[in-house]
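Below you'll find the structure, written out as structure tokens, and then a few comments.
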Amino acid sequence: MAKTRTAQELEKIFLEFAYYNDMKGVAFKPRAYELASESMAALGDEIKETWSRGGIKELKKLPGVGQSTAEKIDEYFRTGKIKEYAALKKEFPVDMWGLSRIEGLGPKHIRDLYKYLKVKNLTDLKKALKAHKVQKIPLWGEKSEEKLLRGLGLMEQAAGRKLLGYVLPLADEIVTQISKVKGVKRCTYAGSIRRKQETIGDIDLFATAANSEHVMDAFVNLPQVASMHEKGKTRASVRLNNGMDCDLRVVPDEVFGATLQYFTGDKRHNVLLRQYALSKGYTLSEYGLFKLTKKGTRKRGKLVVCKTEEEIYKHLGMDTPPPELRVGEDELEAAKKHALPNLIPYGSVKGDMQVQTDWTDGNTSIEGMAKAAKELGLSYMAVTDHTKALAFVGGLKDADVIKQGKEIDKLNKKLRGFRILKGTECDILKDGSLDLKNETLAKLEWVGVSIHSSFRLSRADQTRRLLRAIENPNVDCIMHPMCRIIGKREPIDYDMDEIIASAKKHRVALEIDAFPDRSDLRDIHVRAAVRAGVKLVISTDAHHPAHMSFIPLGEAIARRGWASKSDILNTKPVGELLSYLAKK
DNA sequence: GCCGTTTTCGGCCCGACTGTTTTCAGTCG
């Protein structure tokens with residue numbers, strides 16, 4: 001769900017409530033407000049819809065939102081502000097949000113900076129650091145000042161989150177290097193990379209070895225490392241040359257499973273799992289699942305399991321949620337009920353359903369792309385060049401599409417064990433009509449349609465536009481349905497529920513475009529489509545042979561959206577796919 | 001402040017690293 005300023009503001013307000021309470025030394029409330037903030041972040045724009053639908057009563061149903069928080073949200077939407085928040089800001093006029101972005105600077109230190117030096121924001125902090133006043137604060141010293149200065153610099157040059165597709169190869173490279181270090185038994189990435197999140201903030205790795213200090217030294221001296229944040233006996237943290245942070249933890253090989261579970265996260269998933277473990281008389285850490293000595297106490301007793309993730313979840317009476325599902329929402333409930341989905345395995349996609357060639361803006365011939373696809377182990381691909389509305393890439397006219405079809409027929413006779421489908425990525429024009437004639441579309445085997453213009457239409461107009469396209473009986477698929485380009489273009493706005501319902505009715509598939517900066521559909525939309533019984537396809541939007549290797553990224557999105565193999569059309573062999581399409 | 005297989009009161013995840021006042025608080029993931 002998109003986040004408007006309103007949703008983001010609420011997320012920030014509740015996080016600041018958490019910081020203010022933490023700063024004052026109040027117990028437990030910080031965590032409660034933090035959860036409320038996470039709830040706002042997860043909901044995005046739905047928060048206002050929830051409030052409109054049922055006010056405080058409806059808001060209280062949200063996770064982490066109780067009476068007090070619901071009243072604050074209600075006050076915010078009714079009056080545009082929250083009195084208690086305004087009072088806190090007045091009492092303590094400090095930019096908690098901005099200052100806390102600095103690594104190592106938390107609520108208590110922000111309190112002292114304000115108390116002793118009247119530091120309210122980043123500008124004040126820079127001045128105080130320059131005048132070396134920070135080390136004069138009681139209980140602070142020279143090193144604290146240096147650390148803060150370093151943290152400030154790192155924040156200013158830090159790159160934001162990076163796309164999974166670009167981080168994975170780097171993570172693999174580092175894992176390979178650490179694996180070669182003497183004494184290392186196993187090394188793997190965990191964290192958001194293992195969960196295959198859309199974007200990655202930092203690279204989390206761990207290794208198993210008897211002598212950990214030796215591994216730490218090797219790690220901080222890798223060629224990819226620009227600087228070091230901290231280095232202990234079993235944990236180190238560095239800044240890489242590309243601006244990302246990377247953490248390495250070393251543990252004994254026996255506890256591999258427990259560490260993998262702990263380090264994979266996400267944070268909310270682990271908190272929920274650990275809470276559940278406690279309720280069952282266990283305590284869970286990166287060293288294993290332990291029996292509590294006596295129920296109600298926190299004393300750790302005998303080790304129960306630690307070798308694999310599966311045995312830990314099993315001991316708690318549940319199935320193991322695949323990493324892609326570990327987001328701290330309903331996956332643990334499903335795991336307890338043995339109702340986790342049978343996710344589409346990696347390597348299930350048999351054909352790429354969106355491929356551009358040198359007939360338009362691709363850089364390779366149809367034959368060249370087909371050969372590359374075959375080498376990757378695919379057994380078919382759909383040629384889907386752009387249409388004439390995209391004049392700047394030389395989009396195809398009706399006659400060109402027919403001509404291209406004849407060439408594909410020739411190639412298919414020549415190729416052994418591979419099939420090229422005659423397709424298109426036909427433009428959806430502003431009014432929802434299509435850029436090729438119906439008689440042309442009817443001759444194709446795969447008709448994908450997509451939007452490349454008028455991105456800023458109103459929600460109602462954009463919805464109407466897409467519905468009209470879906471209703472065209474020649475259409476098989478909506479390609480990159482959100483039209484976003486991560487970091488460059490916002491998604492277009494329309495009523496996704498209506499589109500999904502219409503796609504179901506007209507037997508139109510939705511695409512998961514695996515190209516890294518598209519990643520479109522997103523996981524939440526995939527899940528909605530799967531629930532509604534709408535079929536999906538995974539494709540790469542390849543413009544170059546190398547792009548077809550993005551397919552696993554699309555499979556990852558499908559997995560995050562709880563999709564099974566049967567939800568994805570192009571896991572079928574080409575014959576079955578064609579007969580499915582023919583029935584439309 | 002939130003929440004419920006410990007259920008409307010009494011709990012709230014767990015451990016490593018850093019710096020400093022040397023016994024532990026603060027921060028992070």
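Note: hydrogens, waters and symmetry copies are ignored here, and every other heavy atom, side chains too, is used. Every chain is numbered from 1, with letters handed out A, B, ... down the list of sequences.
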Could you tell me how far apart A:Gln135 (CD) and B:dG19 (P) are, to the nearest whole angstrom?
14 Å
Nucleotide B:dC13, atom P - distance to OH of A:Tyr276 in whole Å:
16 Å
Cut-off 3.5 Å, side chains only: do A:Lys72 and A:Ser68 have a donor facing an acceptor?
yes
NZ or CZ of A:Lys231 within 45° of A:Phe219 ring axis and under 6.0 Å
no
Side chains of A:Gln197 and A:Asp523, donor plus acceptor under 3.5 Å:
no
Most 5' of A:Lys231 and A:Phe28 on DNA chain B, judged by nearest nucleotide:
A:Phe28
Rounding to the closest angstrom, what is the interatomic distance between B:dC24 and B:dT20 at atom C1'?
10 Å
Pi-cation contact, A:Phe290 with A:Lys302 (under 6.0 Å, within 45°)
no
Whole angstrom value for the distance that separates P of B:dT20 from CG of A:Asp112
13 Å
Length of the line joining A:Phe290:CZ and B:dC14:C1', which is rounded to integer Å:
11 Å
pair_partner(B:dT8), Watson-Crick or wobble, both distances < 3.5 Å, evaluates to none
Separation of the P atoms in B:dT22 and B:dC17, to the nearest angstrom:
22 Å
With the side chain defined as heavy atoms from C-beta on, A:Glu230 is closest, among B:dT18, B:dG19, B:dC14, to B:dT18
Taking B:dC13 as the reference, what is the distance to B:dC3 when you measure between their C1' atoms (whole Å, please)?
16 Å
Give me the distance, rounded to whole Å, that separates B:dG15 from B:dG10 when you measure between the C1' atoms they each carry.
25 Å
So, A:Phe206 versus A:Phe256, ring centres under 6.0 angstrom or not?
yes
Under 3.5 Å side-chain donor-acceptor pair for A:Glu331 and A:His269
yes
Report the nucleotide, chosen from B:dG1, B:dC14, B:dC17, that has the shortest atom-to-atom distance to any side-chain atom of A:Thr234.
B:dC17
Looking only at heavy atoms, the pair that brings A:Phe92 and A:Tyr20 closest together is O-OH, 3.0 Å
Looking at A:Ser237, I'd like to know whether one of its side-chain N or O atoms comes within less than 4.0 Å of OP1 or OP2 on B:dC17.
no
Check: protein-nucleotides 25-29 of chain B nitrogen or oxygen pairs below 3.5 Å:
| unit_1 | atom_1 | unit_2 | atom_2 | d |
| --- | --- | --- | --- | --- |
| B:dT27 | OP1 | A:Gly106 | N | 3.0 |
| B:dT27 | OP1 | A:Gly106 | O | 2.9 |
| B:dT27 | OP1 | A:Lys108 | N | 3.4 |
| B:dT27 | OP1 | A:His109 | N | 3.0 |
| B:dT27 | OP1 | A:His109 | ND1 | 3.4 |
| B:dT27 | OP2 | A:Lys108 | N | 3.4 |
| B:dC28 | OP1 | A:Gly104 | N | 2.9 |

Of the listed nucleotides B:dG19, B:dC14, B:dC2, the one nearest the side chain of A:Leu278:
B:dC14
For A:Glu142 and A:Val271, take the nucleotide of DNA chain B holding the closest heavy atom to each; which residue's nucleotide lies nearer the 5' end?
A:Val271
When the C1' atoms of B:dG11 and B:dA16 are compared, how many Å lie between them, rounded to an integer?
26 Å
Distance below 4.0 Å between A:Ser68 side-chain N/O and B:dG1 OP1 or OP2
yes
Listed nucleotide nearest any side-chain atom of A:Tyr287, set B:dG15, B:dG1, B:dC17
B:dG15
Nearest to side-chain heavy atoms of A:Gln275, which nucleotide of B:dC12, B:dG1, B:dA16
B:dC12
Whole-Å gap separating P (B:dC2) and CG (A:Asn21)
11 Å
For the P atoms, the ones on B:dT21 and on B:dC14, what distance do you get once it is rounded to whole angstrom?
31 Å
A:Leu316 side chain near A:Leu273 side chain, heavy-atom distance below 4.5 Å
yes
B:dT8 to B:dT18 separation - C1' atoms, rounded to the nearest Å
42 Å
